[in-house]
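Here is the structure we will look at.
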Amino acid sequence: MSDARDSGLPAGYEPETVEARRRALWEEQRLFTPDLDADAAAGVFSIVIPPPNVTGNLHMGHALNLTLQDILCRHQRRLGRQVLWVPGEDHAGIATQNVVERRLKEEGTGRHALGREAFVGRVWQWKEEYGNNIRRQIKAMGASVDWSRERFTLDEGLSRAVRRVFVRLYDEGLIYRGLYIVNWCSRCRTALADDEVEHRTLRGTLSFVRYPLEDGSGHITVATTRPETMLGDTAVAVHPEDGRYRDMVGKKARLPLLDRLLPIVADPYVDRDFGTGALKVTPAHAPEDWRLGGKHGLECIQVIDEDGKINNNGGGYAGLSREKARERIVADLREGGFLEETRPCEHNVGHCYRCGSVIEPLPSMQWFVAVKPLAEKARAAVPEQTRIFPSSWVKTYYAWLDNIRDWCISRQIWWGHRIPAWTCDACGALIVREDAPPRCPECAGSGLTQDSDVLDTWFSSALWPFSTLGWPDDTPEMRRFYPTSVLVTGFDILFFWVARMLMMGLHFTGEAPFRHCYIHALVRDAQGKKMSKSSGNVIDPLRMIERYGTDALRFTLAAFAAMGRDIRLSEERIEGSRHFMNKLWNAARFALMNADGAPAPPGPDAVRGLHHRWMLYRMEDLKTQQGAALDEYRFNDAAQGLYKFVWGEFCDWYLELIKPELRGEGRPLAQAVLFAVLRETLVLLHPFIPFITSELWDALPGRDAVRDIALTPFPAPRDVAGYAEDAGRMELLQGAITAVRTIRAELNIPPSRKAAALIRPRDAAAQNLFEEQREVFTALAGLAELRIDPAAEAPRASASAVSGGNEIIVPLAGLVDFAAEAARLDKELAKLGKERAVLAAKLTNPAFVEKAPAEIVERDRARTAELEQAEAKLNVFRDIFLG
RNA sequence: AGGCGCGUAGCUCAGGGGUAGAGCACUUCCUUGACACGGAAGGGGUCAGCAGUUCGAGACUGCUCGUGCCUACCA
């Protein structure tokens, strides 16, 4: 006890310094690289990180995603599993290319000026700079990933996996090339997959346009929101059973402005109730019209080019932008008397998910994956091979796979995996193979031109769980860690990514790539809008880290992560978590101030005091709760349980309870239990808040003998069955202490005035309890004197309460405020009376007594008796009191 | 148009057939040798509305209202 005041720690928790130190240590120690030569008898656990965009910055969604994965990994590690968490980044084709193109534009140049090779070089350069950024941010979050296995989707290894998959699918007939209508972004100048199109509801104008019939017998009126596409109309369609148009089917209508003759066809697709029930058909610029065109053998006339301008098929409108052409055409129609009316209308318009431009459907030669066979397998794998949490997403997942259409995988950009297909300049043969062929296998010509397109980013992402582990090679990582244990991600990429990983994983490895898929919330902004890379409404987690510390942020996110619900993050909550960190820090400081070397763990028989037993009992409860919560991905329950234990039980009660002991002969036992509980608490907290727990762990006495906390096993269960009774007695004691405090607070008895109190215990056992705990009782209740006597008479001028059947009396000689005490008693009586009335209503109901479980009825009876007794006692006090 | 979710304390959110919870905010008291990023004690809720199931409903069912998101071939 030489210097009991020195804990060796600063008086407040300082996250910046601690985090910097811990990060550096983790970096050196390589704790998170699993040893493949070691056996993994206790099981393995693996996760592949959802690879963030290389050029991106960490946003709150990443912070949540990383936190949850890290909690799982650290938890599994302390359970003894061999854990691999693979980090990496995604090249994010269009997004990254756009960023670099924007930069080039600022420099007054462009990608075409640079040429393909130089441009791709620039993007790599950009990646080298900003890839470090995202890497640093992952580290800032404290993610226990294995940096020695970091991967990037454009790495040679992963690129080889991409080529292998492409060629195999091509050979199997599951990849094909063809001219189809695709979603075209004229800003990015590339095709997009269906799910890369964002639909937004816009207010537009529905124009009713009159198409005269060729035979002069009248006209047919169509309604359209895109009058400019009429330049490409090649038919008018009506419903076959629509009486209004039955006579017109088979006739021809004359397209205004261009004078083209359009057949009038019948098709059940047409909605009779929309507009006029007559649909203008533009096969080149509307997906459904394309389908109709094929079905009815219609001509396909493209009138909008890849830049979004009217092309030469558009007659006098050629060269105009879509928007300009629309204005001119409407004006011309009106002038020519073809425009019947215009009406405001709301409609859905597709936008590019990367740049926000309006999508133009147009026919284009593209590569596709025939996904149906793959989708069937992916559907069947859930839930048998892969369980989705929460299961409410299963329905959505099925619905998407059931309606899936072929996946357009070619992109007309330069940043990405180039399609491994070559065309022979001489004979035109198409050659698909993993490596560049030296000459044409058909004609032996040596002039071969590689397809200039690259693959959709999600094509390589779909292979991520196995490409990162070394596939197609048979690697030790593949053998040990595939399939991965769980995939943790947000539902916004359920289709882009999760479903496709399942398709590819099942097809190429025969196994679903992950056993569990945990879908977490989206972190939304204050308006409830989702935060995303491209919409620019991100809240910077790094600022929260600066302000409150990483652990505070992590703890908050975990506490918010209730399954299936979105998060609207509030800064106040993060601040609250910071206070929690400080609380923990100071509790540990207190322990260290009272340490004399490293105390041995308490032997079960040595634990005598009821508060020690109570504390250990509560600790066991916490352990089971933690294990169960994390097994079921109930992060919020786990976090909340830890919070309540640390603050509400360990700090508020236990530390206060042992303070008197630490000054006396109870010191060794108190130290032993204190440190046992503190150690285990730190281990339990560690997955959530790794920085502060590591720091405190290393400050514990006897640390040389101890492992790094990240590798310290989950605390073994302690047999506390024999402590149950004492744990119950402890609650009685707490109740009595609280009763005294309440009286003092409500009657404004200043703490400086050390009051006396009288307890009339309800029975001999209670009397024993209070006698035994006299010292703690007086200390915690702030008493100068405590009398315990079942027969004692209460002085008239006193305040009183009943807790657990024990009567607590605080004499108020001299300073009693009669009115206040009377009011207090009345309030208490009213509360008890209300509760008793509720119970009485139940117990007098024969149906309740008859049908409710016996234990419930019994419990309510007992509680009623207790209430009656308490009321009787309080009434006695009240009567004495009022004279 | 379908699908999914949400409406619980002033605010942000947990919970979930058996007497309503947390953080922040609020009120009163307290510089007590871990912590004022603290302590003690309080106030505050017909758990959106209506019906049903049940001995018992914030909780389960249906409907209504409000609100958010996802999907979609309504031109």
Side-chain angles (χ1 to χ4, degrees), chain A residues 4-5 7 9 11-13 194-195 199 206 222-226 229 237 269-271 273-276 278-282 286-292 345 347-348 392-393 395-396 399-400 403 491-492 494-495 522 524 527-530 548 552 556 559-560 562 564-573 575-594 636-637 640 643-644 648 651-652 655-656 659 738 741-746 748-752 779 782 834-836 838-839 841-842 845-853 855-857 859-860 863:
Chain A
R5 310 262 24 94
S7 67
L9 299 174
Y13 176 51
D194 291 340
D195 55 7
H199 290 88
L206 189 60
V222 300
T224 178
T225 54
R226 299 199 57 199
T229 61
Y269 161 73
V270 178
D271 179 356
D273 299 325
F274 188 91
T276 61
L279 168 71
K280 65 188 261 320
V281 184
T282 321
E288 279 310 302
D289 293 19
W290 170 270
R291 196 182 55 77
L292 288 175
C345 96
H347 61 135
N348 283 314
S392 50
W393 285 107
K395 230 179 180 176
T396 312
W400 189 73
N403 298 311
F491 62 79
D492 51 330
L494 183 62
F495 307 138
L522 241 50
R524 296 180 181 279
Q527 284 75 44
K529 255 190 77 184
K530 88 173 186 187
Y548 306 106
T556 307
F560 263 120
R565 288 187 62 146
D566 282 344
I567 293 176
R568 264 189 232 193
L569 198 62
S570 77
E571 192 165 336
E572 292 75 30
R573 196 66 174 255
E575 199 179 353
S577 298
R578 180 185 60 174
H579 295 173
F580 179 56
M581 300 310 137
N582 194 243
K583 189 72 178 173
L584 174 67
W585 182 262
N586 277 289
R589 263 184 78 224
F590 172 77
L592 292 170
M593 284 175 181
N594 287 287
N636 58 324
D637 285 345
Q640 200 180 48
Y643 186 96
K644 282 185 171 161
C651 290
D652 285 350
L655 294 186
E656 295 305 321
K659 276 178 185 173
T738 302
R741 287 170 171 174
T742 304
I743 290 172
R744 298 181 53 120
E746 296 205 340
N748 275 332
I749 302 171
S752 51
K834 206 172 141 194
E835 190 187 340
R836 191 168 48 78
V838 171
L839 291 175
K842 290 166 80 174
N845 178 358
F848 172 71
V849 180
E850 211 175 290
K851 296 193 177 177
E855 60 186 64
I856 297 290
V857 177
R859 201 198 56 201
D860 284 356
R863 179 69 184 147

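Quick note on labels: first sequence line is chain A, next is B, and so on, each numbered from 1. Values below: every heavy atom of this structure, side chains too, minus hydrogens, waters and symmetry copies.
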Give every pair of a protein N or O atom and an N or O atom of nucleotides 53-62 of chain B that lie under 3.5 Å apart, one pair per line with the distance.
{"unit_1": "B:C55", "atom_1": "OP1", "unit_2": "A:Lys851", "atom_2": "NZ", "d": "2.4"}
{"unit_1": "B:C55", "atom_1": "O4'", "unit_2": "A:Ala847", "atom_2": "O", "d": "3.4"}
{"unit_1": "B:C55", "atom_1": "O2'", "unit_2": "A:Asn845", "atom_2": "ND2", "d": "2.8"}

For [X] and [Y], work out which heavy atoms get closest and say how close.
{"X": "A:Gly12", "Y": "A:Asn582", "answer": "CA-ND2, 3.5 Å"}
{"X": "A:Asn586", "Y": "A:Ala11", "answer": "OD1-O, 3.1 Å"}
{"X": "A:Ala223", "Y": "A:Thr276", "answer": "N-OG1, 4.1 Å"}
{"X": "A:Ser577", "Y": "A:Thr556", "answer": "OG-OG1, 2.7 Å"}

Exercise. Can you list the stems that include RNA chain B, where a stem is three or more consecutive Watson-Crick or G-U pairs with distances under 3.5 Å?
Worked result: B:1-7 with B:65-71, B:10-13 with B:21-24, B:26-30 with B:38-42, B:48-52 with B:60-64
Problem set entry | Within 45° cone and under 6.0 Å: A:Arg291 NZ/CZ vs A:Tyr269 ring | yes
Enumerate the protein-to-nucleotides 72-75 of chain B contacts in which both atoms are nitrogen or oxygen and the separation is below 3.5 Å.
{"unit_1": "B:A72", "atom_1": "N6", "unit_2": "A:Asn348", "atom_2": "ND2", "d": "2.6"}
{"unit_1": "B:A72", "atom_1": "N1", "unit_2": "A:Asn348", "atom_2": "ND2", "d": "3.2"}
{"unit_1": "B:C73", "atom_1": "OP1", "unit_2": "A:Arg405", "atom_2": "NH2", "d": "3.2"}
{"unit_1": "B:C73", "atom_1": "O4'", "unit_2": "A:Glu288", "atom_2": "OE2", "d": "3.1"}
{"unit_1": "B:C73", "atom_1": "O2'", "unit_2": "A:Tyr269", "atom_2": "OH", "d": "2.5"}
{"unit_1": "B:C74", "atom_1": "O2", "unit_2": "A:Asp271", "atom_2": "OD2", "d": "3.3"}
{"unit_1": "B:A75", "atom_1": "N6", "unit_2": "A:Asp271", "atom_2": "O", "d": "2.6"}
{"unit_1": "B:A75", "atom_1": "N6", "unit_2": "A:Phe274", "atom_2": "O", "d": "3.2"}
{"unit_1": "B:A75", "atom_1": "N1", "unit_2": "A:Asp271", "atom_2": "N", "d": "3.1"}

Measure from [atom1] on [X] to [atom2] on [N] and round the result to the nearest Å.
{"X": "A:Asn586", "N": "B:C35", "atom1": "CG", "atom2": "C1'", "result": "4 Å"}
{"X": "A:Glu575", "N": "B:C37", "atom1": "CD", "atom2": "P", "result": "10 Å"}
{"X": "A:Asn403", "N": "B:C70", "atom1": "CG", "atom2": "C1'", "result": "14 Å"}
{"X": "A:Phe495", "N": "B:C70", "atom1": "CZ", "atom2": "P", "result": "11 Å"}
{"X": "A:Arg589", "N": "B:C37", "atom1": "CZ", "atom2": "P", "result": "14 Å"}
{"X": "A:Arg578", "N": "B:G38", "atom1": "CZ", "atom2": "P", "result": "9 Å"}
{"X": "A:Phe491", "N": "B:G68", "atom1": "CZ", "atom2": "P", "result": "15 Å"}
{"X": "A:Asn594", "N": "B:C35", "atom1": "CG", "atom2": "C1'", "result": "14 Å"}

Could you check if a side-chain atom of [X] sits within less than 4.5 angstrom of a side-chain atom of [Y], using non-hydrogen atoms only?
{"X": "A:Arg863", "Y": "A:Arg836", "answer": "no"}
{"X": "A:Glu835", "Y": "A:Val838", "answer": "no"}
{"X": "A:Ile856", "Y": "A:Phe848", "answer": "yes"}
{"X": "A:Phe274", "Y": "A:Leu206", "answer": "yes"}

Nearest 0.5 Å, what's the [atom1]-[atom2] distance between [X] and [Y]?
{"X": "A:Lys659", "Y": "A:Phe590", "atom1": "NZ", "atom2": "CZ", "value": "5.0 Å"}
{"X": "A:Ile743", "Y": "A:Ile749", "atom1": "CD1", "atom2": "CD1", "value": "7.5 Å"}
{"X": "A:Leu584", "Y": "A:Cys651", "atom1": "CG", "atom2": "SG", "value": "7.5 Å"}
{"X": "A:Thr282", "Y": "A:Arg226", "atom1": "OG1", "atom2": "CZ", "value": "8.5 Å"}

For this session: Have a look at B:G7 and give me syn or anti from its glycosidic angle (syn if within 90° of zero).
Result: anti
Exercise. Do the side chain of A:Arg578 and the main chain of A:Tyr13 share a donor and acceptor less than 3.5 angstrom apart?
Worked result: no
Exercise. Taking it one step at a time, do A:Leu279 and A:Asp271 satisfy side-chain contact (heavy atoms from CB on, under 4.5 Å)?
Worked result: CA-CA 9 Å; A:Leu279 168 71; A:Asp271 179 356; over 6 Å; no
Inter-nucleotide [atom1] distance ([N], [M]), Å rounded:
{"N": "B:G58", "M": "B:C47", "atom1": "P", "value": "7 Å"}
{"N": "B:U54", "M": "B:U61", "atom1": "C1'", "value": "12 Å"}
{"N": "B:G17", "M": "B:C6", "atom1": "P", "value": "14 Å"}
{"N": "B:U8", "M": "B:G49", "atom1": "C1'", "value": "15 Å"}
{"N": "B:G7", "M": "B:A14", "atom1": "C1'", "value": "15 Å"}
{"N": "B:C63", "M": "B:G23", "atom1": "C1'", "value": "36 Å"}
{"N": "B:C37", "M": "B:U31", "atom1": "C1'", "value": "16 Å"}
{"N": "B:G44", "M": "B:A22", "atom1": "P", "value": "14 Å"}

Exercise. Stepwise, does the side-chain contact (heavy atoms from CB on, under 4.5 Å) test hold for A:Tyr548 with A:Met581?
Worked result: CA-CA 10 Å; A:Tyr548 306 106; A:Met581 300 310 137; over 6 Å; no
For this session: Have a look at A:Arg744 and say if it touches a base, only the backbone sugar-phosphate, or nothing, with a 4.0 Å heavy-atom cut-off.
Result: nothing
Exercise. In chain order, what residues pass the ring-ring contact (aromatic ring centres under 6.0 Å, His included) check against A:Phe491, with sequence neighbours excluded?
Worked result: A:Trp393
Exercise. Does any donor-acceptor pair link the side chain of A:Lys583 with the base of B:C35 at a separation under 3.5 Å?
Worked result: yes
Exercise. Quick one: what's the B/S/- string for nucleotides 5-17 of chain B, heavy-atom cutoff under 4.0 Å, read 5' to 3'?
Worked result: -SS----BSSS--
Exercise. So, is A:Lys659 near the phosphate of B:U32, with a side-chain N or O under 4.0 Å from OP1 or OP2?
Worked result: no
Sub-3.5 Å pairs of nitrogen or oxygen atoms, protein against nucleotides 40-45 of chain B:
{"unit_1": "B:A41", "atom_1": "O3'", "unit_2": "A:Thr742", "atom_2": "OG1", "d": "3.3"}

Problem set entry | Full working for side-chain contact (heavy atoms from CB on, under 4.5 Å) between A:Lys280 and A:Asp289 | CA-CA 9 Å; A:Lys280 65 188 261 320; A:Asp289 293 19; 5.7 Å; no
